[in-house]
Amino acid sequence: MCGICGIFEYERRTDIPGDLVHQMNQTMIHRGPDDGGVFVGPGIGLGHRRLSIVDLAGGHQPMSNEDGSVWVLLNGEIYNYPELRTMLLGRGHKFTTKSDTEAIVHLYEDYAEGCFAELRGMFSIALWDSRNRKLLLARDRVGKKPLFYAADGKRISFGSELKALLVGGTVPRNIDEHALSDYFSFGYIPAPKTIYRSVRKVMPGHYLVASASGIRESCYWDLSFAKVEEHDEAEWGERLRHELCEATRVRLMSDVPLGAFLSGGIDSSSVVAMMSHLMKRAVTTCSIGFEEKKYDEAEYARQVSRLFSTDHHEEIVQPNAIEILDKLTWHYDEPFADSSAIPTYYVSKIARSHVTVALGGDGGDEGFAGYRRYKLDYYENRFRNYFPEAFRRAVFGPLGRWYPPLAWAPRVFRAKATFQSLSRSPLEGYFNSISYFRPDDKAKLFTSEFADSLHGYDSFNVFQHYYDRADTDDLLSKIQYVDIKTYLTDDILTKVDRASMAVSLEVRAPMLDHKFMECAASIPSNLKLKNGVGKYILKKALESVLPKDILYRSKQGFAVPLDVWFRRDLKDLAHQVILETEDGILDKPFLRRIWDEHQKGYYDRSALLWTTLMFRKWRQVFLS
């Protein structure tokens, strides 16, 4: 795991200043504390920070081929590099290291731009082809590893983190209004946007080619839901166990201590089960617990640890909201509102005291319809079928506006969000249900001046784009595709990458192996969500591996008590940042209203307040 950065000036014929690349590199030292390297040449500068995992002695980067005509930077791991190395040796290539990075160098020599499709792993890659004076930037299939770039027609700069691009002051920091609007809907900024107009993200499964001719973007992989296969449950169970075991096996390569996150949920427990089967020693597992029982899953983790006799490490943490706020703001680089970044940071910190690499369970919910919202969306769609759209908009629309937000009432009476969703199309309803600031609230959030600057832009278009692109008519599969392209990449994977890299920990996710994901996508949706049970076929597949009280317990999530924090620990700080700050973007009377609603206990507005707080803190750190 590493950080990469660099600059390419298309027409420059003198060396890029090495001290500038070095400064960019230093902003990411937490991503790679073990080693650093810089290469400069006419118009090109490449920087690399290294967290040494494989080939500790020989993996120094930037790395080149024999004559120095091709240079490569890798952030991540290539899990099939032993097979690639054997193949390339058979074709006459010479290797001087055992590093997975060197396989990319020689693969490019033979496959050119087709080399990225041959890689199995998590990666962001920068490749400099000096003969043809072109720079290639590539990102793994689902976006495990980040890659940002800024281009102005004369040069392109890139980095694993946004802050690397800000070194030198050449990248303008003007806010992208559409990106900020997206943030207040989703709680994150979806690719390719960033918070800055001048910086973009390389899309997952894509690569860019930059040269004097301009920038060309190509897609080398996408997830298809069109090839549905029909097998009985026993056959699917056997295949899923096999694919998960293989996806786990290839992720065990390491020359440093390796372990796993263990929450006691289905996904992390299944990964630990596969590791226990494959490894000759006890698996090192790490988890955190909370004093508040509502948020604590530690006993389930202990149960799984006992089952597989793991070397288990657990700490009870008392999250310090004020202490963690500045740290998260700095590491995430742009506004990010998923508060589970807090426990993710703590569990990463604990894991790093025992291992350098940890396997996790990310991807199971998106691949197998595990989120509760999929079930609610399914039942809402069934209900929609009974009423024409015109009737739903005419009746449920007003009900959704007028019905009071009774957060304190029994669940059966909390129908406001349901009425709002039912009045809309299936995708509009889903967008409404997952939004931080739902469309009705978001219309009141911005000042009139900022709203005018959006020129009618609607963040719903982000979902619509992927919904239309999905190669299936199945409603659940289309929603899964949307989530994989948005929420998984820009929330879940961003959260884990920044939190783990903050403490120099590498995290690998077997369920995000592209072969495992392709297998899951070929399963009929009625086996993923069946009779109201999410992850149905995955749970059935694991019944021979995990106890039923682990497989079928209620999903708990990875949360912190935000609602309480805003009335206690965070109250004074949040009041100052949210209500005593003017930015010309957010409407102060509306913010005052949701603040008062929360403080008086009328409604839980903690998610909205946290979203606002993280934006305002970001402005203080990066724009002040």
Inset, instruction - For the residue pair Thr27 and Glu161, establish whether any side-chain heavy-atom pair is separated by less than 4.5 Å. - result: no

Legend entry - Side chain to side chain, Leu505 and Val355, heavy atoms closer than 4.5 Å: yes

Inset, instruction - Report yes if the side chains of Asn80 and Ile78 come closer than 4.5 Å at any heavy-atom pair, otherwise no. - result: yes

Legend entry - Among Lys193, Lys201, Arg173, the one residue meeting salt bridge (charged side-chain N to carboxylate O under 4.0 Å, His left out) with Glu334: Lys201

Legend entry - Lys/Arg-Asp/Glu bridge criterion (N-O < 4.0 Å) met for Lys163, Asp333: yes

Legend entry - Polar side-chain atom of Tyr487 near backbone of Val482 as donor-acceptor pair, under 3.5 Å: no

Legend entry - Salt bridge flag under 4.0 Å for residues Arg50 and Glu506: no

Inset, instruction - Decide yes or no for Val577 and Leu573: does some side-chain heavy atom of the first lie under 4.5 Å from some side-chain heavy atom of the second? - result: yes

Legend entry - Salt bridge present between Arg31 and Asp497 (N-O < 4.0 angstrom): yes

Inset, instruction - With sequence neighbours excluded, tell me which residues meet ring pair (Phe, Tyr, Trp, His ring centres under 6.0 Å) with Tyr345. - result: none

Legend entry - Min side-chain heavy-atom separation Ser544-Arg241 under 4.5 Å: yes

Legend entry - All side chain to side chain donor-acceptor pair (under 3.5 Å) counterparts of Tyr220, not counting sequence neighbours: none

Legend entry - Phe95 six-ring face occupied by Arg85 cation (under 6.0 Å, within 45°): yes

Inset, instruction - Determine, step by step, whether Phe336 and Met614 satisfy the side chain to side chain contact (heavy atoms under 4.5 Å, CB included) criterion, reporting the C-alpha distance in whole Å, the side-chain angles of both residues, the deciding distance to 0.1 Å, and the verdict. - result: CA-CA 7 Å; Phe336 186 75; Met614 293 307 290; 5.8 Å; no

Legend entry - From CA spacing to verdict: side chain to side chain contact (heavy atoms under 4.5 Å, CB included), Val271, Phe261: CA-CA 9 Å; Val271 170; Phe261 291 151; over 6 Å; no

Legend entry - Backbone of Ala247 reached by a side-chain donor or acceptor of Tyr79 within 3.5 Å: no

Legend entry - Test salt bridge (Lys or Arg N to Asp or Glu O under 4.0 Å) applied to Glu315 - qualifying residues, sequence neighbours left out: none

Legend entry - Where at least one partner belongs to residues 260-280, residue pairs that pass salt bridge (Lys or Arg N to Asp or Glu O under 4.0 Å), sequence neighbours excluded: Asp267-Lys535

Legend entry - Counterpart residues, side chain to side chain donor-acceptor pair (under 3.5 Å), relative to Asp569 (two or more places apart): none

Inset, instruction - Would you confirm whether Arg49, through its side chain, and Met28, through its main-chain N or O, come within 3.5 Å as a donor-acceptor pair? - result: no

Legend entry - Side-chain donor/acceptor of Arg139 to backbone N/O of Gly143, under 3.5 Å: yes

Per-pair distances, 0.1 Å, donor-acceptor, side chain in residues 323-331, under 3.5 Å, sequence neighbours excluded:
residue	atom	partner	partner atom	Å
Asp326	OD1	Lys617	NZ	2.9
Thr329	OG1	Leu325	O	2.8

Inset, instruction - Classify the angle between the aromatic ring planes of Phe516 and Phe368 as parallel (below 30°), tilted (30 to 60°) or perpendicular (above 60°). - result: tilted

Legend entry - Contact summary for Gln480 and Gly367, nearest pair of heavy atoms: NE2-O, 3.1 Å

Inset, instruction - To the nearest 0.5 angstrom, please state how far the SG atom of Cys2 sits from the CG atom of Leu74. - result: 6.5 Å

Legend entry - Glu102 side-chain N/O to Thr97 backbone N/O, donor-acceptor pair under 3.5 Å: yes

Legend entry - Ring geometry between Tyr188 and Phe186 (parallel below 30°, tilted from 30 to 60°, perpendicular above 60°): parallel

Inset, instruction - Look up atom OH in Tyr436 and atom CG in Leu608, then write down how far apart they are to the nearest 0.5 Å. - result: 10.0 Å

Inset, instruction - Could you go through the side-chain hydrogen bond (donor to acceptor under 3.5 Å, both in side chains) check for Tyr552 and Glu543 one step at a time? - result: CA-CA 10 Å; Tyr552 294 99; Glu543 282 186 349; 2.7 Å; yes

Legend entry - Phe566: ring pair (Phe, Tyr, Trp, His ring centres under 6.0 Å) partners, not counting sequence neighbours: none

Legend entry - Minimum-distance pair of heavy atoms, taken over all atoms of Ala150 and Val171: CB-CG2, 4.1 Å

Inset, instruction - Report the residues that fulfil salt bridge (Lys or Arg N to Asp or Glu O under 4.0 Å) with Arg281, sequence neighbours left out, ordered by chain and then residue number. - result: none

Inset, instruction - Step through it carefully: locate the ring centre of Phe622, locate the ring centre of Tyr196, and say whether they are under 6.0 Å apart. - result: no

Legend entry - His22 side chain to Leu20 backbone, donor-acceptor under 3.5 Å: no

Inset, instruction - Kindly state whether the ring of Phe116 and the ring of Phe123 have centres lying under 6.0 angstrom apart. - result: no

Inset, instruction - Compare every heavy atom of Gly264 with every heavy atom of Ser268, then report the nearest pair and how far apart it is. - result: OG-N, 3.7 Å

Legend entry - Partners meeting salt bridge (Lys or Arg N to Asp or Glu O under 4.0 Å) with Asp176 (sequence neighbours left out): Arg200

Inset, instruction - Answer yes or no: is there a donor N or O on one side and an acceptor on the other, between the side chain of Ser276 and the main chain of Val272, under 3.5 Å? - result: yes

Legend entry - Presence of salt bridge, Arg141 and Glu518, under 4.0 angstrom: no

Legend entry - Closest non-hydrogen atom pair, Cys286 against Ala351: SG-CA, 3.7 Å

Inset, instruction - Could you tell me whether the side chains of His30 and Ser504 share a donor-acceptor contact shorter than 3.5 Å? - result: no

Inset, instruction - Using the side chain to side chain contact (heavy atoms under 4.5 Å, CB included) rule, take Val72 and Tyr108 through it: C-alpha gap first, then chi angles, then the decisive distance, then the call. - result: CA-CA 10 Å; Val72 172; Tyr108 177 75; 6.0 Å; no

Legend entry - Flag side-chain contact, heavy atom, 4.5 Å: Leu512 against Met122: no

Legend entry - Asp549 versus Gln303, closest heavy-atom pair with distance: OD2-NE2, 3.0 Å

Inset, instruction - Decide yes or no for Leu73 and Phe39: does some side-chain heavy atom of the first lie under 4.5 Å from some side-chain heavy atom of the second? - result: no

Inset, instruction - Could you please spell out the steps behind the side chain to side chain contact (heavy atoms under 4.5 Å, CB included) verdict for Val304 and Thr285? - result: CA-CA 10 Å; Val304 175; Thr285 54; over 6 Å; no

Inset, instruction - Mind checking side chain to side chain donor-acceptor pair (under 3.5 Å) for Tyr346 and listing every partner two or more places apart, or none if nothing turns up? - result: none

Legend entry - Taking every non-hydrogen atom, the tightest pair across Pro335 and Phe615: CG-CD1, 4.0 Å

Legend entry - Partners passing salt bridge (Lys or Arg N to Asp or Glu O under 4.0 Å) against Lys539 (at least two apart in sequence or in another chain): none

Inset, instruction - For Phe8, check ring pair (Phe, Tyr, Trp, His ring centres under 6.0 Å) against everything at least two apart and list the hits. - result: Tyr10, Trp128

Legend entry - Whether His354 and His313 hold their rings parallel, tilted or perpendicular, with breakpoints at 30° and 60°: parallel

Legend entry - From Leu240 atom CG to Leu542 atom CG, the distance as rounded to the nearest 0.5 Å: 8.0 Å

Legend entry - Side chain to side chain, Asp483 and Arg373, heavy atoms closer than 4.5 Å: yes

